[in-house]
Amino acid sequence: MEINTLRVESSLWIGNKRYRAALSGWYFSWTELDKKNREKKTVSVRVAEVIGVEDGRVEIQPQKKVEDTERDFTLFYVKRSGRGSSQGGLWSLGRTQFTCPSRDLRDQWVTQLRTALKTHSPSRPHRLLVFINPFGGKKRGKQIYHSLVAPLFELAGISSHVVVTERANQARDHILKKDLTGFDGVVCVGGDGMFSELLHGVIGRTQQEAGLSEHDPSGVLKPCDLHIGIIPAGSTDCVCFATVGVNDPVTSALHIIIGDSQPLDVCAVHHKSSLVRYSVSLVGYGFYGDVLAESERHRWMGPLRYDYSGCMVYLCNQSYQGTVQFLPADPGLSSPRDKTRCLSGCRVCSESTEKLFPLSDSCSLYSDKLSQYSNQSEGEWMSVAGRFKCISLTCMSSSCPKSPLGLSPSAHLADGTGDLILVRDTNPLSFLTYLHRHTTSQDQFDLPFVEVHRVKAIKFSLPPGEQYDEDEDEEKMDHNAEVEAMEHPDTVQGGHDYRSSSQQHLAGTGKERGTPIKSSMRDFLCGVCCSKPPAVSVWNCDGEILPHIEISCRVHGQLVRLFARGIEDDGRAWGLCEDSRNCKGRCTPHSR
Ligand SMILES: CCCCCCCCCCCCC/C=C/[C@@H](O)[C@H](COP(=O)(O)O)NC(=O)CCCCC
Ligand SMILES: Nc1ncnc2c1ncn2[C@@H]1O[C@H](COP(=O)(O)OP(=O)(O)O)[C@@H](O)[C@H]1O
Ligand SMILES: [Ca+2]
């Protein structure tokens, strides 16, 4: 073996072929020493993407098998397996077994590779707190974790403490109250609702420790250090899909292992002077609120509940009055219609980091942000009033398997802004065109009844004269809840309370909302057959029904960090097929 400070090199065998292997700088690579390999084809693996180096011949799937042959070592690494297919962004575990000329040389390679790993990958997690929701999505959370994820964590030397949740909000409460010393991150195995629990726990804990109140709508929040990982096992998996590019448990586990770090904007939703919830993907009124409200009653359908409820709500053809005020973001930086995509290493997000945290280093980060907020004037609020099919605010693209480019394809993960999408009342066919465009790469904003604004904050109010007495409504809904419980005892299944966690959170406070405002199919269909459709919808906040209608929202730039890196650009970021001339941009990555 030739070793100098810059390069380690020797001959090695893979099977019966001889290779020249070299560890140099950030890469470990091997080239076949064969006359036929004239192009000198080399396989290169980034040291930062090495998952583990093991003595002997090792397999971990389907079961762990170790053959401790003394001249062999096995390298495990990230392999981009979705390249050139519809699954760009998909990672799998690459494995190559090397044979060295001697045991001594094998030991030297293993030592050198492990040392390089420590040097080039210093921010990997060592200890993780994992929460599994056994009832999320298709109820496969436990199986997904134990068969696909745990073996990878073990291989990478990560120790994990696993909690299988027994109730909604258990993960949030654990993070808020228990000792988290020694954990480098928290991980959820579940859907967007489960992610939301971790989000609330991590933000709440950070503010508690900093002595900050979360209730001041214009207050500054401290960015959170504890990273969040998502192993997708839910129904929509939007946060995972929009930050990784796919909803695949192995891909997400690999991002966690290598310690990827993706900052994320968070929207704080307030009612008067109290925090209601945080959101990263969707704060939606009208269509998306109604779909969620209806879907909660059909949880037994699993992920299909959204398709069923989507159809029912579409057929009801509702629209709602209201006034939306918004604080526009700086138009010079980016626009929701600029046809760019926020990809891994995004320039707009990096420039925003400098703006959000000038002179950023970990010590000055928060105090700089404080001074930035107090020095800047807010800008001018704008107002739009009318009747809307839906009002959506999203801090990210909100792409998901149903909509591969998302609610707002050019939104950024970490630019400190959100996109406000206003869809005015229109005829059912035009609204269907709008919805359908979410499943293709056609521009859903290029429609006369749709407008989109990049914003820092919004406020929603009901029309003057039609002010809604929320307290009175709460009483009505409590009554509905009782009726609902009698009509549909199946909403609470097998001893597990499937009410949305915000409803459960309010349990015992006298503010429970057992059912959404429109509590039955009878009410839903009244929009079609009755003359008096319901006056108000509900807000869908990342899959939770909010207990208020008049709310204000403010985007907190880069408030949390995920074990992710954004979507890697493999030339398919717009979901266009190689055959774009014939497909006319209609196909989506998932339909090919
Ligand atoms: C004619 C075809 C119409 C297709 C329309 C597709 C539009 C899809 C946009 C989806 C945006 C998703 C934003 C994310 C929301 C999630 O937080 C939330 C909770 O997810 P989970 O915890 O996994 O259950 N999901 C939803 O609110 C579902 C919205 C589905 C709307 C059809
Ligand atoms: N053990 C449990 N029993 C009932 N609800 C739970 C449990 N653990 C978590 N939850 C709640 O279930 C809701 C949905 O979970 P999630 O994992 O997002 O699945 P899905 O994507 O199918 O909605 C979340 O809001 C979460 O608070
Ligand atoms: Ca954003």
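Everything numeric here is computed off the predicted structure, so don't read it as measured data. Atoms within each ligand, like the ligands themselves, are counted from 1 in listed order.
- For ligand 1, the atoms sitting less than 4.0 Å from at least one non-hydrogen atom of Ser281 are 14 (C), 17 (O), numbered in the order shown with element in parentheses.
- Around atom 18 (O) of ligand 2, the closest heavy atom drawn from Ala233, Gly193, Ser196, Ser235 belongs to Gly193.
- Qualifying salt bridge (charged side-chain N to carboxylate O under 4.0 Å, His left out) partners for Arg337, counting only residues two or more places apart in sequence or in other chains: Asp443.
- Shown in contact with Ser235 at under 4.0 Å from a heavy atom are these atoms of ligand 1, numbered in order with element: 23 (O), 24 (O).
- Close N/O approach between Phe287 and ligand 1 is not found [any backbone or side-chain N/O within under 3.5 Å].
- Listed by chain and residue number, Phe431 satisfy the ring-ring contact (aromatic ring centres under 6.0 Å, His included) test with Phe287 (two or more places apart in sequence, or in another chain).
- Closest heavy-atom approach to atom 30 (C) of ligand 1 within the set Tyr434, Tyr306, Phe241: this belongs to Tyr306.
- Residue contact annotation: Arg305 has a non-hydrogen atom under 4.0 Å from ligand 1.
- Panel note: side chain Ser398, backbone Gly406; no donor-acceptor pair is recorded below 3.5 Å.
- Ser335 and Asp338 share no side-chain donor-acceptor pair at under 3.5 Å.
- Salt bridge status for Asp173 with Lys178: absent, with no side-chain N to carboxylate O gap under 4.0 Å.
- If you number the atoms of ligand 2 from 1 as listed, the ones under 4.0 Å from a heavy atom of Gly136 come out as 17 (O), 19 (O), 22 (O).
- A salt bridge between Glu351 and Arg347 is present, with a side-chain N of the basic residue lying under 4.0 Å from a carboxylate O of the acidic one.
- Between the side chains of Asp542 and Ser279, at least one donor-acceptor pair of N or O atoms lies under 3.5 Å.
- Pairs of residues two or more places apart, or lying in two chains, that qualify as salt bridge (Lys or Arg N to Asp or Glu O under 4.0 Å) and include a residue from residues 420-441 are Arg424-Glu451.
- Interface atoms of ligand 2 facing Met194, defined by a heavy-atom separation under 4.0 Å, are 9 (C), 16 (P), 17 (O), 18 (O).
- Taking CZ of Arg561 as the reference point, atom CD of Gln262 lies at 8.0 Å (rounded to 0.5 Å).
- For the Ca ion (ligand 3), the set of protein N/O/S atoms nearer than 3.0 Å consists of Asp265 OD2, Cys395 O, His412 O, Asp415 OD1, Thr417 O, ordered by chain and number.
- The ligand atoms of ligand 2 that sit less than 4.0 angstrom from a heavy atom of Asp192 are 18 (O).
- Of all the heavy atoms of Glu544, the ones lying under 4.0 Å from any atom of ligand 2 belong exclusively to the side chain.
- Considering Glu197, Arg305, Arg299 only, the shortest heavy-atom separation from atom 13 (C) of ligand 2 involves Arg299.
- Judged by the shortest distance from any of its heavy atoms, Gly543 lies outside the 4.0 Å radius around the atoms of ligand 2.
- When only modelled atom types and interatomic distance are considered, Gln170 and His174 share no side-chain donor-acceptor pair under 3.5 Å.
- Between the side chains of Ser334 and Arg454, a donor-acceptor pair is found at a separation under 3.5 Å.
- Side chain to side chain, Ser218 and Arg554 fail the donor-acceptor criterion of an N or O pair below 3.5 Å.
- Proximity of Phe135 to ligand 2, defined as any heavy-atom pair under 4.0 Å, is confined to the side chain (atoms from C-beta onward).
- A donor-acceptor pair shorter than 3.5 Å cannot be found between the side chains of Ser309 and Tyr314.
- Within ligand 2, counting atoms from 1 as listed, the ones closer than 4.0 Å to a heavy atom of Gly190 are 17 (O).
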